[in-house]
Student: 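There's a structure below that I have some questions on.
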Amino acid sequence: MSIPISYNIRNLWARRLTTALTVSGIALVVFVFASVLMLSQGVEDTLVATGSNDNVIILRKSSQSEMMSAVSRDQIGIISTFPEVGQTQEGKPFATSDVVTLININKKGSNDMGNVAVRGISSGAFALRPQVSLQEGRWFQPGMYEIVVGNKIHDQFVNMEVGQSVQIGSKLWTIVGVINGGKTGFASEVWTDADIVMTEFNRGTTYSTYTFKLKDVNDFETIKTKLETEQRLQDLEVKREQEFYLEQSKFMAGFINGLGLFITVIFSFGAMIGAMITMYASVANRTVEIGTLRALGFRRTSILTAFLIEAVALSSIGGIIGLFLASFMEFVSFSTTNFGSFSELAFGFSLSGSVILWTVVFFLIMGIAGGFLPAVRASRMNIINALRSS
Amino acid sequence: MSTLVEVKNVTKVYKRDTMEIPVLQNISLDVPEGEFLALMGPSGSGKTTLLNLISGIDQPTSGSILVGGTDIAKLNESALAKWRSNHIGFVFQFYNLMPVLTAFENVELPLLLTNLSKKEKQQRVEAVLSVVGLADRMDHYPKQLSGGQQQRVAIARAIVSDPTLIIGDEPTGDLDRKSAEEILVLLSRLNSEFKKTIIMVTHDPHAAESAHTIQHLDKGELKSN
Ligand SMILES: Nc1ncnc2c1ncn2[C@@H]1O[C@H](COP(=O)(O)OP(=O)(O)O)[C@@H](O)[C@H]1O
Ligand SMILES: [Mg+2]
């Protein structure tokens, strides 16, 4: 049997000023730690939501982004004849040939410029991407130098109201609508007709990507093998759309994690040393109590456990407060260049199960690491010396 | 009456760096069951050291100590901890209660080392708190109690697991006359009514009068009256 946990909790309460200071330090570090994880999770969530699991995207081999990719009209013609490609009610391929380019425009509230992806789409794109809906105005008319802008672009860049114009290539294009892309990357894009973009940028018959819906989700491996063995498609790559966008998030998420966690781990040493100092003081103040408990028959291991529990309780209180505060970051969203695509991407902080799990592991480790040495000191005390110190 | 405690030729030498400090020299002492023994002697004469040896929180340099037939000098640390929880009730000069625990919880502490059910523990704690006259103060924290009351809680803690031997190191040393008197009456009652064997260290000749037997320790040697 061991020393009751209430003994530890009440000791923390009895020293509430020190406890509060230590807890605040831990809470701060955990807040930053959780926020970093939430941010990289947010990037991933946004890009994963952009792709669909039953859509297949065709790109040129080893193109990092849609911008760098090139797929010819002839190749698209070949792909669309495969029986695994879904069909619309009119019997046409359930697909879109997209052409993606970048424009550099002014952000609101600063002199910063941002790269925004302009996506020229075919008529199939609307049904293929049901996450996107019209929020204001109307859709563009093909061949008319008209565009619709994503809601995040509308919110975060200047002169993005319906009726205003944007310079793309050599022409001024009229904004005729705002699309709502929800929590997907499409909210950070400008959409227009593919063919007019092809003409404007002299691309001939070369699109960027070709995306189609599978007739059956389970057909992916079959069509992938077929397309990859087709002689005329040797320069192309076949991916699930969702996987492609997930890959696009990897670099950015990895960068946020790398830098953010490097900083928090350094901070965490500070918080850990704080917890350690607090626990050392607590052990020193309770020398006689420790001696008494040992005299009554409690083992060294009980003492060790009790002080470890106290340290873990300390870090858990801080950790839970930090995590709770970080959960409010879910209401914050911001927009920056995604290094994976070199274009603007709006994303938020996302509190997922794995973020919570890692945060809990993080503050438990802080508690155990900070409490270990003081707990060892407490358990190593000699009974008579401890009792004599009264 | 049979002998409960047999101290045989015990020597205790403390080592500090290279210096050897002899504290007890070849001490022998028998304490029969049911005895109430007062141990007197000047400060620094080794009274606390002797109590620590008998109660198994310290080990002799040589000699043996038998309590209820067990040679406690031969037990290892963890066996000794278990032995103490079963056989020794401690009463300290400064009460040594846990300040964050209530009177009830302080008294319950030794029972946490037993397999008693929650209900049995509660009954025992309430019973001993009634014995010391503090049944109505169970939920009080030590700082809400007077010194005498705190020492009575400590006595309740010492008897709650029904130990073979009660050890008191100057249990009245920090109390005013009236509270000290109450503690002495209580200890005498535990001895006469509950048949507890008690070894008590004291400076105070008046306190020693409560005991049956008085032994004097001087410069590490025992002299009985
Ligand atoms: N851990 C120790 N190391 C060295 N000397 C000690 C230690 N504990 C006690 N002593 C010495 O042993 C002697 C007896 O101490 P103690 O038993 O506390 O005496 P008393 O209780 O009679 O006042 C004292 O001189 C004291 O300084
Ligand atoms: Mg002493």
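The structure displayed is predicted, hence computed values, not measured ones. Order of the sequence lines fixes the chain letters, A, B, ..., with proteins taken first and strands second; residue numbering starts at 1 for each chain.
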Student: Between B:Leu97, B:Leu109, B:Val100, B:Asn52, which has the largest tally of heavy atom pairs under 4.5 Å with chain A?
Tutor: B:Val100
Student: Do you know which of A:Ile9, A:Thr301, A:Leu293, A:Thr292 has the most heavy-atom pairs with chain B at a distance under 4.5 angstrom?
Tutor: A:Thr292
Student: Give a yes or no answer on whether the side chain of A:Asn382 reaches the backbone of A:Ile384 with a donor-acceptor pair at less than 3.5 Å.
Tutor: yes
Student: Name the option with the most non-hydrogen atom pairs under 4.5 Å to chain A; the candidates are B:Ser78, B:Gly89, B:Ser55.
Tutor: B:Ser78
Student: Mind checking whether B:Phe90 and B:Phe92 have parallel, tilted or perpendicular rings, split at 30° and 60°?
Tutor: parallel
Student: Among B:Ser85, B:Ala81, B:Ala158, which has the most heavy-atom pairs under 4.5 Å with chain A?
Tutor: B:Ala81
Student: Chain A heavy atoms under 4.5 Å from B:Tyr141: which part of the residue, side chain, backbone, both or neither?
Tutor: side chain
Student: Run B:Thr11 and B:Asn26 through side chain to side chain donor-acceptor pair (under 3.5 Å) and show every step you take.
Tutor: CA-CA 5 Å; B:Thr11 297; B:Asn26 207 26; 4.7 Å; no
Student: Can you tell which of B:Leu145, B:Val128, B:Leu186 makes a side-chain contact (heavy atoms from CB on, under 4.5 Å) with B:Arg152?
Tutor: B:Leu186
Student: Given B:Asp71 and B:Ser64, is the side chain to side chain donor-acceptor pair (under 3.5 Å) satisfied, shown in steps?
Tutor: CA-CA 7 Å; B:Asp71 187 349; B:Ser64 67; 4.7 Å; no
Student: Among the options B:Asn86, B:Leu101, B:Thr49, pick out the one with the most heavy-atom pairs lying under 4.5 Å from chain A.
Tutor: B:Leu101
Student: Cation over ring, A:Arg16 on A:Trp13, under 6.0 Å and within 45°?
Tutor: yes
Student: Looking at B:Gly56, is its backbone amide N or carbonyl O close enough to the side chain of B:Arg84 to form a donor-acceptor pair, meaning the two atoms are under 3.5 Å apart?
Tutor: yes
Student: Heavy-atom distances under 4.5 Å only: say whether B:Gln93 touches chain A with side chain, backbone, both or neither.
Tutor: neither
Student: Which bit of A:Ile383 is near chain B, if near means a heavy-atom gap under 4.5 Å: side chain, backbone, both or neither?
Tutor: side chain
Student: Quick check on A:Arg294 against chain B: is it the side chain, the backbone, both or neither that has a heavy atom closer than 4.5 Å?
Tutor: both
Student: Considering only heavy atoms, which portion of B:Glu105 lies under 4.5 Å from any heavy atom of chain A: side chain, backbone, both, or neither?
Tutor: side chain
Student: Run A:Ser389 and A:Thr287 through side chain to side chain donor-acceptor pair (under 3.5 Å) and show every step you take.
Tutor: CA-CA 7 Å; A:Ser389 73; A:Thr287 303; 4.8 Å; no
Student: Given heavy-atom pairs under 4.5 angstrom as the criterion, report whether the side chain, backbone, both or neither of A:Ala14 touches chain B.
Tutor: side chain
